[in-house]
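Because only heavy atoms are used, hydrogens play no part in the values below, and waters and symmetry mates are left out as well, while side chains stay in. Residue numbers count from 1 along this sequence.
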Amino acid sequence: MSDLTLMLKAVERGDAGASEDLLPHVYEELRRLAAARMAHEAAGHTLQATALVHEAWLRLIGDGGKTTWQSRGHFFAAAATAMRRILVENARRKRRLKRGGGEAHVNVDDVDVAEPLPNDDILEIHEALLKLEQANPQQAKIVELKFFGGLTNEEVAESLGIAERTVYRQWVCAKARLFRAIRHRE
């Protein structure tokens, strides 16, 4: 069992200092995953990779050790899921604000400078991914881990307990299905 897995088990047991010991070991990896994910976001995106990591960390550890992780891969899979949820919530919040969010309407002629509006790509991908989850849960999980978590095929295979070649085949098929679903919506 690796040191990281032992630390995760200590967090599960409710060891008071375990989460503080764990953070330095996983922070850089979480930061790398978040930065990779944020690189795909539209220009003008207000959520930074560091904020995404911190929010994901709070969701992962903030439940007082009620979550159990079987391995390093399982922990990073949970982190990818948390990051996905945060990005989707952020995109939905922006969409609501973009559509008015209860604010008074402003005449466009009265506005001097226009800001670029965030695109809704993340929500389109999320909605297509929800449909994929119904059709093929394993493909959806692979997409989540690779797209939202930034994991490699090898890391996804370890996390899901399947062969790396299977991850590759499922990833190719899932990308095609998602592309068709998004294109069909347009």
Side-chain angles (χ1 to χ4, degrees), residues 1-5 7-9 11-12 22 25-42 45 47 49 52-53 55-61 63 66-92 94-95 118-186:
M1 208 177 282
S2 72
D3 289 341
L4 182 58
T5 304
M7 286 183 218
L8 291 169
K9 296 294 181 189
V11 170
E12 284 177 35
L22 177 64
H25 293 294
V26 297
Y27 185 81
E28 284 306 314
E29 182 71 13
L30 289 174
R31 181 82 170 79
R32 183 187 66 80
L33 295 176
R37 180 58 237 135
M38 298 308 292
H40 298 291
E41 293 299 316
H45 198 280
L47 186 63
L52 180 59
V53 168
E55 181 66 27
W57 178 258
L58 289 174
R59 290 184 185 198
L60 290 168
I61 303 298
D63 66 356
K66 294 177 186 155
T67 305
T68 60
W69 296 290
Q70 285 81 35
S71 65
R72 174 191 184 282
H74 186 231
F75 174 80
F76 284 106
T81 300
M83 287 183 196
R84 172 187 174 193
R85 289 180 181 152
I86 293 163
L87 289 168
V88 168
E89 290 167 6
N90 191 49
R92 284 182 176 152
K94 284 185 172 188
R95 179 187 275 175
N119 64 29
D120 293 332
D121 288 350
I122 194 83
L123 291 177
E124 288 180 19
I125 292 167
H126 173 69
E127 290 166 8
L129 193 54
L130 290 176
K131 290 179 184 172
L132 181 61
E133 283 175 345
Q134 294 173 351
N136 191 318
Q138 185 179 52
Q139 285 181 1
K141 191 63 177 174
I142 289 169
V143 170
E144 181 177 67
L145 294 175
K146 287 183 67 64
F147 184 79
F148 289 95
L151 300 181
T152 65
N153 286 349
E154 182 181 357
E155 292 168 328
V156 171
E158 176 192 338
S159 175
L160 298 179
I162 59 177
E164 191 173 343
R165 183 74 184 142
T166 301
V167 171
Y168 174 78
R169 284 192 312 272
Q170 295 286 12
W171 171 242
V172 169
C173 183
K175 285 192 305 184
R177 291 174 107 175
L178 290 173
F179 178 75
R180 275 195 310 265
I182 290 169
R183 196 166 133 204
H184 178 69
R185 286 191 60 186
E186 294 172 354

Search all heavy atoms of Ala56 against all heavy atoms of Ile86 and return the closest pair with its distance. N-CD1, 3.4 Å
By side-chain hydrogen bond (donor to acceptor under 3.5 Å, both in side chains), Glu164 pairs with (sequence neighbours left out) none
Within residues 140-158 or reaching into it, pairs that qualify as salt bridge (charged side-chain N to carboxylate O under 4.0 Å, His left out) - sequence neighbours excluded: Arg32-Glu155, Arg84-Glu144, Lys141-Glu144
Drop me the distance from Leu178's CG to Arg183's CZ, to the nearest 0.5 angstrom. 14.0 Å
Among Gln170, Lys175, Glu133, which residue meets the side chain to side chain donor-acceptor pair (under 3.5 Å) test with Gln139? Gln170
Does atom OH of Tyr27 have more than 12 heavy-atom neighbours, drawn from other residues, nucleotides or ligands, at distances under 6.0 Å? yes
Which residues satisfy the side-chain contact (heavy atoms from CB on, under 4.5 Å) test with Ala49, sequence neighbours excluded? Arg31, Ala34, Ala35, Met38
Residues in side-chain hydrogen bond (donor to acceptor under 3.5 Å, both in side chains) with Glu55, at least two apart? Arg59
With side chains defined as the heavy atoms from C-beta onward, is the minimum distance between Leu30 and Leu52 less than 4.5 Å? no
Give me the atom names and distance for the closest heavy-atom approach of Trp171 to Val143. CZ3-CA, 3.8 Å
Would you say the side chain of Ile162 lies within less than 4.5 Å of the side chain of Ile142, judging by non-hydrogen atoms? yes
When rounded to the nearest 0.5 angstrom, what is the spacing between CG in Leu129 and CD in Glu124? 13.5 Å
My understanding is that only residues two or more places apart in sequence, or in another chain, count here; which of them pass ring pair (Phe, Tyr, Trp, His ring centres under 6.0 Å) with Phe76? none
